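A quick write-up on the structure given underneath.
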Number of protein chains: 2
Amino acid sequence: MHEVAELAGVSRMTVSRALNHPEKVKEKVRQRVFDAVSQLGYVHNHLARSLSSSKSNVIGLVLPSLENSIFSATVKAISDVLRPAGFQLMLAESSDDPKDEEIVISNFLAQRVAGLVLHSTRHSPAAIRMLRGANVPVVENGDMPVDPIDMVVSYSNRAAAKAMTLHLARMGYSKIGFASLANPRATERQLGYLDALAEAGLAPDPRRIVNVSRGFGGGAEAIAHIEHVAPDTDALFCAGDVLAVGALLECNRRGWAVPGRLAIASFDDLDLLRHVNPAITALRLPRAEIGRRSAEMLLARIFEREIPVQSVDLGFEIVQRASS
Amino acid sequence: MHEVAELAGVSRMTVSRALNHPEKVKEKVRQRVFDAVSQLGYVHNHLARSLSSSKSNVIGLVLPSLENSIFSATVKAISDVLRPAGFQLMLAESSDDPKDEEIVISNFLAQRVAGLVLHSTRHSPAAIRMLRGANVPVVENGDMPVDPIDMVVSYSNRAAAKAMTLHLARMGYSKIGFASLANPRATERQLGYLDALAEAGLAPDPRRIVNVSRGFGGGAEAIAHIEHVAPDTDALFCAGDVLAVGALLECNRRGWAVPGRLAIASFDDLDLLRHVNPAITALRLPRAEIGRRSAEMLLARIFEREIPVQSVDLGFEIVQRASS
DNA sequence: TTGTAAGCGTTATCAG
DNA sequence: CTGATAACGCTTACAA
């Protein structure tokens, strides 16, 4: 920057201003500075800038898993809002483990991120303490938390699962099964499923609830479980889209009619669900909208604009298709 | 850090040492420092650390698209190598546009990233100049580049596509079509497809080459194209896994026998390909290995260790399944 | 509109 | 093994 200043015949301060607030520098000087910058191939040092101004332009995002395609819509949406504002995205994985999340958060705070998006609502006490102490804007994403740290943009897993189960019940299915996964969001969904059974006056039957592994294979596991343990199950609600597709493909393989032999419904609506045969009934969740709103709320807070609400429940939508 | 030093009764320098090189500080002092740190809830400032030491602990990753699930295996693998080494991952999207990539790279350089992974091999001249000038370790990923910037970990799109096409030819298919996408990797794959036709003595037929849109819908578009423009096509090689699944599902919908009416093969091997009916023949690419090796090479360079090779071609594998 | 001086929070360097 | 001092490259606050 020193060299740029010399070449442009101004002080370093003027270079800084030309770079950060071009409008505060006379047109002619600004041009000289920009010319010098490109002539010297000067690259601004954001580290020094952030340190000096105590304003960072990095946002941290913590995802339960980097392998899950479900989150890519959220990531993309966040990134799309951040880029034009000149912010960068830092990514890390919590593996749904509060201890791992705590480490990741502490690293992000050490990087002095300007804001944080956490795709989870379960945090270690230490993590919560750090976040509150750091006075950094935080958006939580994965569910509607009971005791939010700061801002929230999400939907309720429990309410959504309940709505879908009730939908199946209203369509006449009375022996509804649930294929679950080992993560806190799936656990909430299972509670919603049970809520709905109670409300619909259907007796819950533990034989119809099965925990399976992630991925398409999990869906096949669920079908095998139904066949052996509760063959009279007439509908299967899957805690994840990939599971639902796996289950459907397994039914196709076995020649089970869907929905004749078994109806299938999915939590979350991947594009794929519309393309399989039959297309799968699903909960459409506003993944992209969640990312967009999260980033916008963060930026609003960073620029000290008013934010209308601290907590946004974006809801969900049931998409009825041929599989139920 | 000042307060930590006071509470521990040492100088700031000793705190810094206790944090960064614990072994260089007497056990007793170290303990006092750590106690003070947790008592005060002190969070190390990596910005200042990086500025002062001119060593950053952030790696930048540029992906063509944040929405493509194909890349998640690479991201995950990179992250898994980086975390234990204390490095963070910064993410950005190039949209396969060299101009966008240039902006993203310049932002990363402004953040003083310690290294860069570029999932692309086409860069703007300005970007190349910046990278060379910055003297930052770079790994290129999406293909084997003709003129690498620095290090390379990849496979050859052209060679892989050629191998798969030859494989189909050897199986007896003689009217092989190609469903392509509008990105540089798909373009290379198309060249490989043409290479193979030439080598197999099959005449290339432009009617059998179709550019489709991304996603499952693109696969259906390809099938529609074949039906109307080149109905005697006996095998379809898809430039992407999602395309291949879309094509297969569309065949199922139309009642086309696969591979009887049309064989299908995929570039890239998603888990899903094994679960559809019939399972789809695919090229298995070492996505995770690419991420792992890329991160390892970057770290080796950063720590000034010897790297055995600058450029690694990890190859590919043909997985023959029921669809061909 | 531009410049001067001080400092952001850390670490490199060298002395003790 | 520990401490004093001077950077690191920029911006804030104020002065001209």
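Just so we're clear, the structure is a prediction, and the values are computed from it rather than from any experiment. Reminder, nothing fancy here: chain letters follow the sequence lines and each chain counts from 1.
Distance CE (Met1(B)) to P (dG9(C)): 11 Å, rounded to an integer number of Å. Between the P atom of dT11(C) and the NZ atom of Lys55(B) lies a distance of 11 Å, rounded to the nearest Å. For Arg30(A) and dT1(C), the CZ to P distance is 10 Å, given to the nearest whole Å. Taking atom CG on Asn57(A) and atom P on dT11(D), their separation rounds to 11 Å, with Å as the unit. Put simply, NE2 on His21(B) is 13 Å from C1' on dT13(C), counting in whole angstrom units. The separation between His2(A) atom NE2 and dA7(D) atom P is 14 Å, rounded to whole Å. Going from atom CZ of Arg32(A) over to atom P of dT1(C) covers 15 Å, rounded to whole Å. What separates CG of Asn20(B) from P of dG9(C) is a distance of 17 Å, to the nearest Å.
For Ser52(B), counting side-chain heavy atoms from C-beta on, the closest listed nucleotide (dC8(D), dT11(D), dC10(D)) is dC8(D).
Atom CG of residue Leu66(B) and atom CG of residue Leu61(B) lie 9.0 Å apart, to the nearest 0.5 angstrom. Considering CZ of Arg292(A) and CG of Asp80(A), their distance stands at 11.0 Å, rounded to 0.5 Å. Atom NE2 of His21(B) is separated from atom OG of Ser16(B) by 7.0 Å, given to the nearest 0.5 angstrom. In this structure, the separation between CZ on Arg185(A) and OG1 on Thr121(A) is 8.0 Å, given to the nearest 0.5 Å.
Using a 4.0 Å heavy-atom distance criterion, His44(A) is classed as a sugar-phosphate-only contact.
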*Could you walk me through whether Asp96(A) and Arg122(A) pass salt bridge (Lys or Arg N to Asp or Glu O under 4.0 Å), step by step?*
CA-CA 8 Å; Asp96(A) 273 318; Arg122(A) 293 174 59 98; over 6 Å; no
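Evaluation of the ring-ring contact (aromatic ring centres under 6.0 Å, His included) test over residues 123-153 of chain B, restricted to residues two or more places apart or in two chains, returns none.
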Shorter than 3.5 Å, N or O on both sides, protein versus nucleotides 2-5 of chain D: list them out with atom names.
| unit_1 | atom_1 | unit_2 | atom_2 | d |
| --- | --- | --- | --- | --- |
| dT2(D) | OP2 | Lys26(B) | N | 3.0 |
| dG3(D) | OP2 | Ser11(B) | N | 3.0 |
| dG3(D) | OP2 | Ser11(B) | OG | 3.2 |
| dG3(D) | OP2 | Thr14(B) | OG1 | 2.3 |
| dG3(D) | N7 | Arg17(B) | NH2 | 2.6 |
| dG3(D) | O6 | Arg17(B) | NH1 | 3.2 |
| dG3(D) | O6 | Arg17(B) | NH2 | 3.4 |

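A salt bridge links Arg83(A) with Glu93(B): at least one charged nitrogen is closer than 4.0 Å to a carboxylate oxygen.
Between the base of dT11(D) and the side chain of Ser53(A) there is no donor-acceptor pair shorter than 3.5 Å.
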